[in-house]
Amino acid sequence: MQAVFFWLFSALAVGCALGVVFKKNPVVSAVFLMGSMLALACLFLLLDAHFIAVIQVLVYAGAVMVLFSFIIMILNLPQEELPPLALGGTRAWGVAFGAVALLFLAGKFFPTKEGFMPTSRGFGDVRSIAVPLFREYALAFELTSLVLLVGIVGAVLLAKRKV
Amino acid sequence: MWIDLLIVTCKVLFMFLFVLGIAGILTWVERKQSAVLQDRIGANRASIFGVRMIGLFHPIADALKLFTKEDFVPLHGHRVLFVLSPALAIVPALMTFAVIPFGDNVHVLGREVSLRVSDINAGVVLVFAIASLSVYGITLAGWASDNRYSLLGALRGAAQMFSYEVVLGLSVIGILLVYGTLDLNEIVRAQGGYWLGFIPRWGVFVQPVGFLLYFTAAFAETKRMPFDLPEGESEIVAGYFTEYSGMKYAAFLFSEFCEMVLVAGLSATLFFGGWQLPVDVARGLALPLVGVVHISGLWVPLLQLLTFCLKVVIFLWLLMQIRWTLPRFRYDQVMSLCWKVLLPLVLLNIAVTAVAVLAVKG
């Protein structure tokens with residue numbers, strides 16, 4: 001049962017990710033990206049990581065992607081086809097870099113002799129995320145929020161200059 | 001295994017029938033209640049063999065009419081997304097009910113069954129996560145319609161829902177701090193009993209400001225008057241669903257009603273004791289003349305379900321009353337209300353609640 005769902009949502013995630021790259025319409029790409037994120041959330045659910053799954057939906061699918069599609073619609077890019085790539089070598093470089101990244105990831109994540117570590121009970125629920133986040137990594141957490149604040153202030157500053 | 005599957009199927013079916021059934025009746029309530037408010041008679045024409053049932057057949061007549069209407073798809077829009085958007089609007093509205101409990105756990109067939117579809121331990125956050133997806137239905141509908149009014153409505157809708165989502169999410173943090181859990185069933189259990197023997201231990205008495213902020217933000221999320229800027233008939237025709245006809249149009253209408261049911265259900269669960277009965281089950285109900293009536297067996301979950309439904313209905317009445325009382329805001333008023341008034345208030349509420357909880361619990 002779990003394996004069926006795992007393969008279903010994995011296929012969905014990968015398929016949607018391919019859709020993001022191959023579709024030329026930015027709004028359709030955004031929808032595919034949303035689908036991919038939802039499939040990822042379902043995979044987290046299968047791992048009993050309820051809270052991570054919910055946050056995945058809330059933050060990425062529900063907030064970040066909404067902003068993306070909002071911006072795309074405001075810009076309202078013309079529907080014309082993308083211009084053919086002028087540099088013949090660009091595509092080859094892209095494929096090469098992609099292959100290297102894929103190999104690296106495969107080496108990291110494919111089952112080794114020891115196999116995968118099973119997740120512990122309660123992995124990814126609210127408590128098991130909140131306690132380390134606000135105890136051990138409290139400083140890093142606060143510093144990250146500071147970085148985000150700097151980003152917001154910078155964005156406002158850049159936008160205001162035009163007015 | 002099979003019995004578990006059967007139980008889950010039953011719960012899912014019940015939830016769908018509950019939400020869709022109420023949403024269907026709400027189409028009638030909307031017309032009738034507005035009529036009463038405006039001193040009219042309201043919908044009363046639909047009849048089956050001369051039986052009119054105070055217009056209760058109108059939802060059926062409407063459904064038949066909408067199914068037989070022309071299904072129009074704009075020529076230059078995006079066909080797939082145009083067809084997909086109504087589904088994207090209505091599915092999140094229906095899914096969110098999965099974690100709302102209809103009653104306490106019951107013992108059936110030798111196992112403990114919780115009266116809600118899913119026992120995900122991040123209950124409240126799941127509701128907001130799925131509800132946040134309903135923005136896509138609106139924005140994509142407006143974009144795929146290839147119509148300026150639709151696009152304007154979509155952009156308004158996206159901005160409005162996005163802004164009020166922030167307030168909505170933060171407004172329940174207070175109640176989560178007080179009860180120390182994300183599980184909606186635990187929150188309802190903590191609201192049982194009375195203070196001083198007569199004030200129910202409802203969340204609204206602990207978090208009055210939180211409730212008002214939640215209710216305002218949730219109301220804005222339903223996109224109904226006075227927050228119906230994404231539609232704004234007098235300015236942008238019908239906003240994001242200008243180009244929609246037939247049952248696709250009805251799907252948007254229905255998703256709005258389903259969201260109302262959700263807002264009502266969540267208000268009852270978080271702030272008004274959910275399924276908690278107004279009597280002490282262990283001691284029984286003392287009635288004058290009759291004596292003490294003991295509630296036992298399957299009566300307990302049935303009465304809990306009834307209590308929950310009653311609370312939902314009362315909130316739906318309130319939502320309707322507000323919708324037909326207040327005129328529409330201006331768009332900039334809606335946005336400045338959210339970011340300049342509600343957001344500071346909700347942050348203040350969290351800070352005050354956190355200090356109070358720390359002071360009480362030590």
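Basis for what follows: all heavy atoms, side chains included, without hydrogens, waters or symmetry-related copies. Just so we're on the same page: letters track the sequence lines, and every chain starts at 1. Source: prediction; values computed, not measured.
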Self-check item: ring-ring contact (aromatic ring centres under 6.0 Å, His included) assessment of A:F22 paired with A:F32
Solution: CA-CA 10 Å; A:F22 286 116; A:F32 269 116; over 10 Å; no

Toward chain A, the part of [X] with a non-hydrogen atom under 4.5 Å:
X      : value
B:L126 : both
B:V125 : both
B:A159 : both

Quiz item: If every non-hydrogen atom of B:F97 is compared with every non-hydrogen atom of B:L262, which pair is closest and at what distance?
Solution: CE1-CA, 3.5 Å

Practice problem: Verify ring-ring contact (aromatic ring centres under 6.0 Å, His included) between B:Y164 and B:F219, making sure each step is shown before the conclusion. | Solution: CA-CA 9 Å; B:Y164 276 89; B:F219 202 103; over 10 Å; no

Exercise. Pick whichever of A:L45, A:V28, A:V59, A:L67 has the most heavy-atom pairs under 4.5 Å with chain B.
Key: A:L67

Quiz item: Is it the side chain or the backbone of A:A63 that comes within 4.5 Å of chain B heavy atoms, both, or neither?
Solution: both

Quiz item: Do you know which of B:L155, B:V166, B:L182 has the most heavy-atom pairs with chain A at a distance under 4.5 angstrom?
Solution: B:L155

Quiz item: Near B:F162 CZ, under 6.0 Å, is it more than 12 heavy atoms from other residues, nucleotides or ligands?
Solution: yes

Practice problem: Return yes if some donor-acceptor pair links the side-chain N/O of B:E221 with the main-chain N/O of B:E165 below 3.5 Å, else return no. | Solution: yes

